[in-house]
Amino acid sequence: MSTTPITLGHHRLRDRAERLTVPRQAHQRAEEFLAQRQDAIHRARGALQLIAETWATVQDPAARLDTPYARDILDGLTPEVRSLAQSLTTLA
């Protein structure tokens, strides 16, 4: 009979530990989400900064799309990059 209170006590402690673990896990997931979000923001800002720094390079062929120079630039690109370049040149 002395093992019953210990066993019940153990179950109560385990149940309480499980209830405490859930908020800790949720807090940890929230912190991970915020860290990933901050990383994504940092990468996006860096990419936009790089675009701003090199925008003149995009504008140059955009001003002369019908020239051999612009065609040579576009011909050396992958289809994805070429599509992006053509979209950007309409903005330039």
Side-chain angles (χ1 to χ4, degrees):
M1 289 213 171
S2 63
T3 59
T4 303
I6 294 172
T7 303
L8 288 175
H10 174 71
H11 288 294
R12 282 189 218 133
L13 286 174
R14 188 186 70 213
D15 291 344
R16 184 167 184 206
E18 287 172 359
R19 284 194 306 269
L20 292 174
T21 301
V22 171
R24 263 188 262 138
Q25 290 171 344
H27 179 74
Q28 182 179 1
R29 283 194 304 271
E31 285 181 347
E32 289 170 0
F33 170 79
L34 289 175
Q36 290 171 356
R37 183 178 185 273
Q38 283 303 112
D39 288 345
I41 289 169
H42 180 73
R43 284 190 310 274
R45 285 179 179 164
L48 289 169
Q49 182 66 35
L50 183 60
I51 290 170
E53 291 170 2
T54 58
W55 188 245
T57 305
V58 172
Q59 288 176 315
D60 184 42
R64 308 177 254 178
L65 282 177
D66 294 331
T67 65
Y69 174 68
R71 283 191 297 276
D72 287 346
I73 292 171
L74 294 175
D75 286 345
L77 301 175
T78 64
E80 296 84 9
V81 177
R82 183 184 179 108
S83 176
L84 174 63
Q86 289 171 333
S87 296
L88 289 174
T89 55
T90 62
L91 298 174

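For Arg37, the side chain to side chain contact (heavy atoms under 4.5 Å, CB included) criterion is met by Phe33, Ile41, not counting sequence neighbours. Every side chain to side chain contact (heavy atoms under 4.5 Å, CB included) that Glu80 has, sequence neighbours left out, goes to Thr78. Scanning for side chain to side chain contact (heavy atoms under 4.5 Å, CB included) contacts around Leu77 gives Leu74, Val81, Arg82, Ala85, with sequence neighbours left out. Residues forming a side chain to side chain donor-acceptor pair (under 3.5 Å) with His42 (at least two apart in sequence, or on another chain): none. Listed by chain and number, the residues in a side chain to side chain contact (heavy atoms under 4.5 Å, CB included) with Leu50 are Glu53, Thr54 (sequence neighbours excluded).
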Under 3.5 Å donor-acceptor pairs involving side-chain atoms of residues 62-73, not counting sequence neighbours:
| unit_1 | atom_1 | unit_2 | atom_2 | d |
| --- | --- | --- | --- | --- |
| Arg64 | NH2 | Asp60 | OD1 | 2.4 |
| Arg64 | NH2 | Asp60 | OD2 | 3.2 |
| Thr67 | OG1 | Arg64 | O | 2.7 |
| Thr67 | OG1 | Ala70 | N | 3.3 |
| Tyr69 | OH | Asp60 | OD2 | 3.3 |
| Arg71 | NH1 | Asp66 | O | 2.9 |

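Side-chain atoms of Ser83 never come within 3.5 Å of backbone atoms of Pro79 as a donor-acceptor pair (strictly under, hydrogens ignored).
Annotation: the span from Gln36 atom CD to Arg29 atom CZ amounts to 12.5 Å, rounded to 0.5 Å.
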